[in-house]
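Structure first, commentary second.
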Amino acid sequence: MAELDLGASFIPALHKPAALLPIAKHRESLLYLVETYPVTIVVGQTGSGKSTQIPQFLEQAGWCADWKVIAVTQPRRVAATTVAVRVAEEVGCELGKEVGYSIRFEDVTSATTRIKFLTDGLLIREALVDPLLTRYSVVMVDEAHERSISSDILLGLLKKIRKRRPELRIIVSSATLQAEEFLRFFSEDADEPTLQNGAEKVGSIISLEGRTYPIDILYLESPAEDYVEKAISTVFDIHTSEQTGDILVFLTGREEIENAVQAVSERSSQLPPHSKSLLPMPLFAGLTTEQQMYVFDEAPENTRKVIFSTNIAEASVTINGIAYVVDCGFVKLRTYNPKTGIETLTATPVSKASAAQRAGRAGRTKPGKCFRLYTEDAYRALTDTNVPEIQRSNLAPFILQLKALGIDNVVRFDFLTPPPAELMIKALELLYSLGAVDDYAKLTKPLGTRMAELAVEPMMAKTLLSAPSFGCLSEILTIAAMTSLGGNVWVQQDEDKKRVESTRRKFAAEEGDHITLLNVYQTFVTKGRKEGRFCHDNFLNFKALTRAVSIRAQLKRYLERFGISVDESLASAGTQNNKAEQICRCLTAGYFAHAARMQPDGTFRNVSGGTVLHAHPSSLMFNRKADWVIFHEVFETGNKIYIRDVSKIEKNWLLEYAPEYYQTKSRSVHGEL
DNA sequence: GAGCACTGC
């Protein structure tokens, strides 16, 4: 199990009695603010105890009277569970009694639960059932400075709920100094701006002293030409001239990391004899859990660990014993182009907030040093914070959720930072083409409301709800679960590519990747769950496939709640030709906007013809012939646009299932259809 | 002929 930010149980200070934590002396002022103002912004560093102590203070002060509950949201599942475990220990109760947590697939709460930790996305979902979140007296949004779409939307909802529930208390916790922005958001009232003059104060900011060690920041005198090379030489400089302590190097992606790890292990043989050795290791999300575990092991004697990591080590994973941080100054960020509907992943300069967070990884257990592989002038030119996710994402799933929450006029929703109009328009256009909203942008019933409830993206939700009429609901349920694993079905294996390919071909289906995924799942549930070696031998990701089983079961429960019954008896009948065609037709009913045609050179063109698409190397279509296809996903990286999870279709299916979409398109853009 | 940063329901 990864050692996590909030599970930092090896830091001695956290084993001090809670009364000795820095936050304890702020207890009275904190409770006074919460009593007095509807909104409290808490500024405190990791380790200040804010996530564990504040809910306990509130409970002791009576905020759980009348069976009310205190909700504390986290951006990540692991954080929600680990903080809950620690607070239950401190309170001295069994987990799930007075203190519990709730994340997707795991609800460890009961009628007696007074303090409940949950992911922010799940609390938004609770609002679908209880729009005013009436069971909660206090909602604390932790790590709000990370500005995930879910926490941004949650803050907007809470601001709205507050008008109907003046007694509700909102606590926003943030590790960096973005407190003023949060307070301003809750103080402004777009509906009644005139009340602002002399109106009562909505909230206040309280700063909790952190518990970190000093960190020396060092810059380059002149810019580095190649930051990977510079990172490697800096690692050797640290190793030969600095005191003991492990090194954490921030790079942008897998390729850079693998190159750096290899270079360090090659060059460390040139270290002087009898000197301490260097042990390089990679850390990125694509590794299996076992592979990630190594970074938490203590280095052998006379050995210094050097971990080359993506941004995963910036907030999600905390490694103890790091004394030196090397920061390349870049991060890969996802942006969504509303004109093309393509997501792009590009290396971008980090923000000042990110740089500070990275540097802070060095000072958790003793004083540290941070080597920034850029000049101080370059640092000054960085933006203060990253562009919030909500301004660079496909908003269709969130617009759908807001509408299901009764917010019809999404353009006027009170966003912390409003997304660009083009993103909103693109999302509404997609939802309209799928039939989720009508001519007046109102959610349709039952299609739109059901799509909003299903925990899959809108195009897959539409596919699922279309499946009964194609007689392939059981199969589409599986495909929906498998595609939502996001390309993690196969484990990354570099060694024997031919063997990997021939193994994968055992599951391959003529029709394409979707039915191949169906074959993988069906083999997994019949063989793989019992035989321990099945996944290993077939290069399959056991954890991901187990997750697919849970997702499928959850989606099935949703459908049954809608009164749609799932006939599983047909699933075992395999994929006879007619069934495979029905599946591909059904996929077209949801993914018609993701259609492309293969060219003689093996690349694809989108329907309007202007964009060159490449089959992702993980796709069967990477080396097969096809004509028209639909695909699950499209993304750009390294100047190439890839499509992933690709299946063959017939051109006329597009017109059959999306006549409106392609009539207008073909007239204005393209003659082919 | 060749590869996606990180989360979440």
Side-chain angles (χ1 to χ4, degrees), chain A residues 5 73-80 102-107 118-128 143 146-154 250-258 283-287 309-317 328 330-335 342-348 350 354 386 389 392-393 397-398 400-401 404 451-458 460-461 480-481 484-488 490 492-494 497 500-501 547 550-551 554-555 557-558 601-603 614-619 621-624 633-644:
Chain A
D5 193 15
T73 72
Q74 297 290 338
R76 286 170 287 280
R77 295 160 56 92
V78 275
S102 192
I103 57 178
R104 187 178 186 184
F105 309 131
E106 278 178 72
D107 182 13
L118 69 172
T119 48
D120 29 34
L122 199 59
L123 187 57
I124 295 176
R125 257 173 200 278
E126 284 193 7
L128 284 174
E143 315 286 2
E146 288 185 17
R147 302 295 308 271
S148 71
I149 295 190
S150 297
S151 77
D152 267 23
I153 286 178
L154 183 58
F250 284 100
L251 295 175
T252 69
R254 177 185 168 160
E255 195 181 357
E256 287 174 6
I257 288 169
E258 284 176 344
L283 178 64
F284 49 89
L287 295 171
S309 172
T310 61
N311 227 32
I312 193 172
E314 191 181 301
S316 308
V317 171
C328 77
F330 286 87
V331 62
K332 275 189 188 168
L333 280 187
R334 186 172 59 192
T335 51
I342 296 170
E343 287 184 335
T344 307
L345 204 58
T346 342
T348 321
V350 292
S354 251
N386 288 338
E389 212 181 355
R392 49 184 172 87
S393 302
F398 301 94
L400 195 57
Q401 254 187 341
M451 283 174 63
E453 275 198 62
L454 287 167
V456 286
E457 48 164 311
M460 188 53 88
S484 54
L485 300 175
N488 291 319
W490 308 91
Q492 312 271 9
Q493 211 76 37
D494 283 327
K497 285 191 179 167
V500 176
E501 273 311 304
R547 189 173 163 77
S550 301
I551 296 173
Q554 190 191 39
L555 293 174
R557 283 197 299 275
Y558 276 119
D601 65 357
T603 64
H614 299 262
H616 191 270
S618 70
S619 170
M621 294 304 162
F622 187 66
N623 50 17
R624 289 197 187 196
E633 205 179 11
V634 53
F635 58 88
E636 181 179 355
T637 180
N639 299 323
K640 258 189 176 180
I641 304 170
Y642 292 98
I643 53 178
R644 186 163 64 191

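Numbered from 1 within each chain, the chains take letters A, B, ... in sequence-line order. Keep in mind it's a predicted model, so treat the numbers as computed, not measured. Hydrogens, waters and symmetry mates play no part in the numbers below; they use all other heavy atoms, side chains included.
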Using a strict cut-off of less than 4.0 Å between a Lys/Arg side-chain nitrogen and an Asp/Glu carboxylate oxygen, indicate whether A:Lys332 and A:Glu256 qualify as a salt bridge. no
Nucleotide nearest A:Phe284 (side chain, heavy atoms from C-beta), chosen from B:dC9, B:dC6, B:dG1: B:dC6
Mind calculating the distance between CZ (A:Arg392) and P (B:dT7) to the nearest angstrom? 14 Å
A:His616 side chain N/O closer than 4.0 Å to the phosphate oxygens (OP1, OP2) of B:dC4? yes
So, is A:Ser484 close to the B:dC9 phosphate, meaning a side-chain N or O under 4.0 Å from OP1 or OP2? no
Phosphate-side-chain proximity, A:Arg334 and B:dT7, N/O vs OP1/OP2 below 4.0 Å: no
Quick one: does A:Glu633's side chain have a donor or acceptor within less than 3.5 Å of a partner on A:Arg644's backbone? no
With a 4.0 Å cut-off on heavy atoms, is A:Thr310 in touch with a base, just the backbone sugar-phosphate, or nothing at all? sugar-phosphate
Minimum-distance nucleotide to A:Asn623 side chain [options: B:dG3, B:dC4, B:dG1]: B:dG1
Between A:Glu633 and A:Glu389, which has a closest nucleotide on DNA chain B that is more 5'? A:Glu633
Rounded to whole Å, please give me the gap between CG in A:Leu154 and C1' in B:dT7. 15 Å
Specify the separation, in whole Å, of atom CZ of A:Arg624 and atom P of B:dG1. 19 Å
Contacts of A:Gln401 and A:Leu345 projected onto DNA chain B by closest heavy atom; the upstream (5') one is A:Leu345
Specify the separation, in whole Å, of atom OH of A:Tyr558 and atom C1' of B:dC9. 7 Å
Spacing of A:Glu255 atom CD relative to B:dC4 atom C1', expressed in whole Å: 12 Å
A:Lys640 has a side chain; which of B:dA2, B:dC9, B:dT7 sits nearest to it? B:dA2
Measure the distance from CG on A:Asn488 to C1' on B:dG3 and round it to the nearest whole Å. 13 Å
Between C1' of B:dA2 and CD1 of A:Ile643, the distance in whole Å: 15 Å
Identify the heavy atoms of A:Thr310 and A:Thr252 that sit nearest to each other, and give their distance. CG2-O, 4.1 Å
A:Thr637 side chain N/O closer than 4.0 Å to the phosphate oxygens (OP1, OP2) of B:dC4? yes
Determine: side-chain N/O of A:Tyr642 to OP1/OP2 of B:dC4, distance under 4.0 Å, yes or no. no
Could you please spell out the steps behind the side chain to side chain contact (heavy atoms under 4.5 Å, CB included) verdict for A:Ile124 and A:Ser150? CA-CA 8 Å; A:Ile124 295 176; A:Ser150 297; 4.2 Å; yes
For side chain to side chain donor-acceptor pair (under 3.5 Å), just list the numbers for A:Glu143 and A:Ser151, CA-CA rounded to whole Å, side-chain angles, deciding distance to a tenth of an Å, and then say yes or no. CA-CA 9 Å; A:Glu143 315 286 2; A:Ser151 77; over 6 Å; no
So for A:Arg76 and B:dC6, does any side-chain atom that can act as donor or acceptor lie under 3.5 Å from a complementary atom in the base? no
Between atom CG in A:Asp601 and atom P in B:dG1, what is the gap in whole Å? 12 Å
Within the structure shown, what part of the strands sits under 4.0 Å from A:Ser148 by heavy-atom distance: base, sugar-phosphate, or nothing? nothing
Using a 4.0 Å heavy-atom cut-off across all strands, classify A:Asp120 as base, sugar-phosphate, or nothing. nothing
Using the test side chain to side chain donor-acceptor pair (under 3.5 Å), find all partners of A:Asn488 that sit at least two apart in sequence or belong to another chain. none
